[in-house]
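Only heavy atoms go into these numbers, but all of them, side chains included; no hydrogens, no water, no symmetry mates.
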Amino acid sequence: MDVTAQALESALAQLAPHTRPASEGDMVAGAQPSVVVEPETEEQVAAVLRYANGAGLAVIPRGGGTQLRLGAPPQRA
């Protein structure tokens with residue numbers, strides 16, 4: 001699915017209200033996401049993951065961002 005960052009942000013904002021364009025500060029091990037989603041409930045997490053899976057999108061769980069250098073870097077964002 002080829003979609004612009006703005007269209008992606010709009011679609012995801014319907015699933016989780018705290019959705020914004022990604023900035024340079026959101027990079028994880030050099031991988032730059034297009035959109036940042038901050039779900040508030042388990043249901044929002046599930047909805048976002050269902051959408052991403054159906055659209056063939058990569059998801060980079062980030063958490064609080066305190067241990068970003070641990071583990072293998074994401075291959076795509």
>> Do Val59 and Val45 sit in one hydrophobic cluster, given that two such residues count as connected whenever their side-chain heavy atoms are within less than 4.5 Å of each other, even indirectly?
In response: yes
>> For Glu24 versus Gln32, what's the shortest heavy-atom pair and its separation?
In response: CA-OE1, 3.7 Å
> Are Leu8 and Leu57 close enough that some pair of their side-chain heavy atoms sits under 4.5 Å apart?
Replying inline: yes
> Which atoms form the tightest heavy-atom contact between Val37 and Ala16, and what is the distance?
Replying inline: CG1-CB, 3.6 Å
>> Applying a strict under-4.5 Å side-chain criterion to I, L, V, M, F, W and Y, I'd like to know whether Val36 and Leu12 cluster together.
In response: no
>> Show every side-chain hydrogen bond (donor to acceptor under 3.5 Å, both in side chains) that has at least one partner inside residues 9-19, sequence neighbours left out.
In response: His18-Glu40
> Does the side chain of Gln44 reach to within under 4.5 Å of the side chain of Pro17, using non-hydrogen atoms?
Replying inline: yes
>> The criterion is salt bridge (charged side-chain N to carboxylate O under 4.0 Å, His left out); which residues satisfy it with Arg50, sequence neighbours excluded?
In response: none
> Are Leu15 and Leu49 connected in the hydrophobic side-chain network, where two residues link if heavy atoms are under 4.5 Å apart?
Replying inline: no
